[in-house]
Each structure stands twice: as C-alpha cells, then as structure tokens.
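Written below as structure tokens is the structure these notes are about.
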Amino acid sequence: MTRHIEKRGKSVLECKGLSVGYKNAPVIRDINIGIERGEFVTLLGPNGAGKTTLLRTLSRHLQPVSGTITIDGRDIRDIRQAELARIMAVVLTEKVSPPLFDVFQFVALGRYPHTDFLGRLSQRDREVVQRCLRAVHAEELQSREFASLSDGEKQKVLVARALAQEPAILLLDEPTAHLDLKHRMEVMTILRHLCQSEGIAVIASLHDVDIASKVSDRVALVKDGVITHFGYPEEVLTSANVSTLYDFDSACFSSHLGSIELRGDCHRGRVFVVAGMGTGASVYRTLAKQGYALSTGVLLSNDLDCFVAKGLGAECIVHPPESAIPVETLAQALTRISKCQAVIDTGFYASGAYKNNLQLIEHAATLGKPVFSLRQQDTAPDETRLCGLTPVNTTSQLLEVMEERI
C-alpha cells in the first residue's frame, strides 16, 4: 500500500486509485500520489516493474485500467490533446533520428502546441527555442544536424524540445540511459535546475539510486505491482528498502553516503583495520574487492569510515561520539585482533577519541601479527612506540606486501 506524506502545497498532478497496465491487466495497482510544481520525483524499481507503463499512462499514451489522473484538479480525460501538449511534455526512450533536421528546427517542433495551423514560428517562438537551447547548454549545436549528434548531445536536445512546449509537467523515461558520466551529470543537473528555476514538475524513471538520492525531492519505489514507498529520499532510501527493491545480496545502499557499496566474497583471510576520520574508506573498499574479510574499530558512530565499513559488511566495533572510548570497548577490539591474520593502520590522526586506538596497533605487534601501516611521518605521534610495523605508501603497495606476508 502506498505511503502518504504530508503535502507541502497543491498538487499539479494527482493519481487516485490508479491502476495501470495493458488490456485491463494491471501492472501497478492502487496508485495514490500527488506531485507538486517544482518537484523532482523519481520512479525507482527493477526492470519490468511498470515504471514506463506508469509514465505512458500519465502522458495519456495508455488508458488507465482504473482510477483517475487529474492535472490542477481536472480529469486528464477531459483535457483536449492540444491543451495537454501545452501542459505536459514527454521524453521517452525511443531513439529519434529525424533526417535533414538541424537542432534548431528539431527543438522548434516543440512549439507545435503554440503555433498556427501551418506551424509558422513567430518571433516569440524563436526566442523560446533559443532560451530552451540555452537552458540545456546546447546553443552551439543549433546549426548541427540532429542525426550527427552524440547520444549525450541528443538527450540534451530532446529535453530542449520538450521545454519548448513550455510545460508545467515534464515526464522522462530513463533520461540518462546510454550516457557517459559527463553527460549523465549534465542532464540531471539541468533537470534539477529546471525544477528550481522554472517551477516545472519533473517525473523521471531512473535506475541509478545514487543519483536519485541526490537530485530527487521525492521517490517512488515500484515493485511487485505496487508503489511500496513514496516520500523523501532521506526517509525512503534506506539500506533495507533498497536491498528489498532490487533483491541485493552482495551490495548495500548507504543512506548516509548516498551510494551503493559492493561487498566482497570474503574468500581470503580476515584482517583488522584500525582507522578513523575517513582514512579507512578507500582501504576497506580495496580489501573487500580483493576478497578479504574485514574487522575494524574502534570507530565513532558518526565517522565516514563507520558508514563505509558497515556498507561493506565489515565486523565493526563502534562507540558513540559523545564520550571517550572505554577500556571495555578497546578490549573487544583486542580480542578480535587476536583472531585476524593481519592488522592495517590507515594512518588516522591519533588524537582525541582515537588516541587510544594506538594501543590496538601496539598490541597486534606484540602478538606477532603482521602490521602494515599507511601512517605518514606527520601523523605518527611517537615513532618509538609504534615499532614492528611494515610501512607502505599506497593501497596498491599494501596489497603487494600483504600477498607476500600473509
């Protein structure tokens, strides 16, 4: 059942009891959501969940199986097609390559709801086209043939054509599919800016949870024929919800990091990482990729290292940040170290709450454990205390030395 959240304002588009599908066979049932002006709403879910079907129903390419869709309180079925085209623009996944059109002409096609019977462009129409090209950073492309553009350039121009309709609502189906990282970031930045500057409600299906968590005002999770969650990404995109949505078994989404961590298979020995203040994040990821099982601590619960380590499935010893790390917690870490094949010192700054973690490194050395240290000269508080360590300068060198020693 869909979860409702408190509305911030009047919905520009609202679905009530909506079921969408084909030939009266629902793909998604009982949709009850409202989308406001200036909102970026993302549909997330596995392939085949019905995200495209929902978008095609919202754009009236498909008839609803049941329920209603209203725009500014009006039933979408009562809105004439020409008027709907002035309210809503759609960018679907079908590849478009019209011959003999330059970019300006192609974007100008978006003015059709506003032009006369013959499709003639007024001065204002031309100004709108230029403004839309500027909005997507594509002014320099306007004389190029559309068919000659790269996929990223085409996607920006498709968005410009949709904007030329001057819509209140923009629907996009996987707008970043097949784009490289540069164009993916550029397109999403453009869409986010349009929400903020033009007050356009953007509804987009995406596969990239990382991006969705950063650009969306609200997200809808679609699976097994229903919208399981609808709300703010900070509340909806939990590790448990994302894992359930995509049936993850070797990955974990971190709401604190806004990213997915890929867990290793732990086919190699277990190592203990003494980290803190963000110094362990890259070390954890490197070791996990190489198949090492991870233990780590003592970490403060609000440390970046703590979030990364938990995302990777590491065995973590954690302490709240508001108090000093007690002897009992250090003792837990010492016990875990005795069961590990090696210890890695990430070179954390040994001050404040983390000062006592130096005892873990010293203890490992006295046990005869291999201790590999990424500690730089300026982070070593007392070189005479930290003896018996094997210094390494980079994570790649760390892996090489570990191969030789354990």
Side-chain angles (χ1 to χ4, degrees), residues 181 208-210 239 242-243 246-301 303-318 332-350 354 357-358 360-376 379-380 386 388-406:
L181 182 60
D208 197 325
V209 182
D210 294 17
S239 176
V242 175
S243 294
Y246 293 107
D247 296 321
F248 284 160
D249 56 9
S250 60
C252 177
F253 178 81
S254 169
S255 57
H256 293 94
L257 303 174
S259 62
I260 293 173
E261 298 293 344
L262 299 178
R263 295 176 175 175
D265 59 11
C266 300
H267 68 279
R268 308 180 81 160
R270 180 171 292 276
V271 296
F272 194 99
V273 182
V274 188
M277 302 182 185
T279 60
S282 61
V283 177
Y284 297 140
R285 290 174 178 136
T286 298
L287 294 172
K289 283 186 289 186
Q290 296 302 314
Y292 287 100
L294 300 175
S295 294
T296 188
V298 175
L299 295 173
L300 299 182
S301 59
D303 196 317
L304 169 68
D305 285 346
C306 184
F307 301 132
V308 174
K310 286 185 174 181
L312 291 168
E315 183 183 64
C316 300
I317 300 174
V318 181
Q332 291 178 34
L334 295 175
T335 300
R336 302 252 178 109
I337 284 174
S338 66
K339 299 176 182 178
C340 291
Q341 289 183 296
V343 172
I344 297 158
D345 165 26
T346 63
F348 60 93
Y349 281 87
Y354 285 128
N357 276 354
L358 292 174
L360 305 180
I361 301 170
E362 295 170 347
H363 179 73
T366 61
L367 291 176
K369 300 283 184 181
V371 181
F372 309 104
S373 179
L374 287 154
R375 186 168 299 278
Q376 302 299 312
T379 64
L386 297 178
L389 279 61
T390 301
V392 291
N393 295 318
T394 63
T395 52
S396 59
Q397 186 182 10
L398 170 66
L399 293 177
E400 291 174 5
V401 176
M402 289 176 68
E403 287 284 351
E404 296 173 358
R405 296 282 303 276
I406 63 174

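Start at 1 with the first residue, then count along the sequence. Keep in mind the model is a prediction, meaning the values are calculated, not measured.
Contact of the Gln290 side chain with the Met402 side chain is not registered, since no non-hydrogen atoms from C-beta on lie closer than 4.5 Å. Two residues are said to be in side-chain contact when any heavy atoms from C-beta on lie closer than 4.5 Å; Val271 and Ile406 meet this criterion. By the 4.5 Å heavy-atom criterion applied to side chains, Val274 and Val343 are counted as neighbours. With contacts defined as side-chain heavy-atom distances shorter than 4.5 Å, the pair Leu257/Leu304 qualifies. Using a 4.5 Å heavy-atom threshold, the side chains of Thr286 and Leu398 count as separate.
When all heavy atoms of Val392 and Val401 are compared, the closest pair comes out as CG1-CG2, 3.9 Å. Looking at every heavy atom in both residues, Phe253 comes nearest to Gly258 through CE1-C, 3.8 Å. Thr346 approaches Ala275 most closely through the heavy-atom pair OG1-CA, 3.2 Å. The shortest non-hydrogen separation linking Ile337 to Ala364 is CG2-CB, 3.9 Å. Pro370 and Gln341 get closest at one heavy-atom pair: CD-O, 3.3 Å. Scanning all heavy atoms of the two residues, the minimum distance from Lys369 to Cys340 falls at NZ-O, 2.6 Å.
Remark: the backbone N or O of Thr390 is not paired with any side-chain donor or acceptor of Ser373 at under 3.5 angstrom. Under the 3.5 Å distance criterion, the side-chain polar atoms of Asp305 are matched with a main-chain donor or acceptor of Gly280. Listed for the Ser243 side chain is no donor-acceptor partner under 3.5 Å among the backbone atoms of Phe248. Under a 3.5 Å cut-off, the side chain of Arg263 and the backbone N or O of Gly311 do form a donor-acceptor pair. Not one N or O on the side chain of Lys310 forms a donor-acceptor pair closer than 3.5 Å with the backbone of Cys316.
The distance from the CZ atom of Phe272 to the NZ atom of Lys339 is 12.0 Å, given to the nearest 0.5 Å. A distance of 8.0 Å separates CD1 of Ile344 from CG of Leu294, quoted to the nearest 0.5 Å. Interatomic distance, Asp208 CG to Ile260 CD1, rounded to the nearest 0.5 Å: 7.5 Å. How far OG1 of Thr279 is from OH of Tyr284: 7.0 Å, rounded to the nearest 0.5 Å. Note: Glu362 CD to Leu389 CG = 9.5 Å, rounded to the nearest 0.5 Å. Rounding to the nearest 0.5 angstrom, the gap separating the NE2 atom in His363 from the CG atom in Leu358 is 14.5 Å.
Residues passing the ring pair (Phe, Tyr, Trp, His ring centres under 6.0 Å) test with Tyr354, sequence neighbours excluded: none. Residues satisfying the salt bridge (charged side-chain N to carboxylate O under 4.0 Å, His left out) test with Arg268, not counting sequence neighbours, are Glu403.
Figure legend: cation-pi geometry between Arg375 and Phe348, with NZ or CZ positioned under 6.0 Å from the six-membered ring centre and within 45° of its axis.
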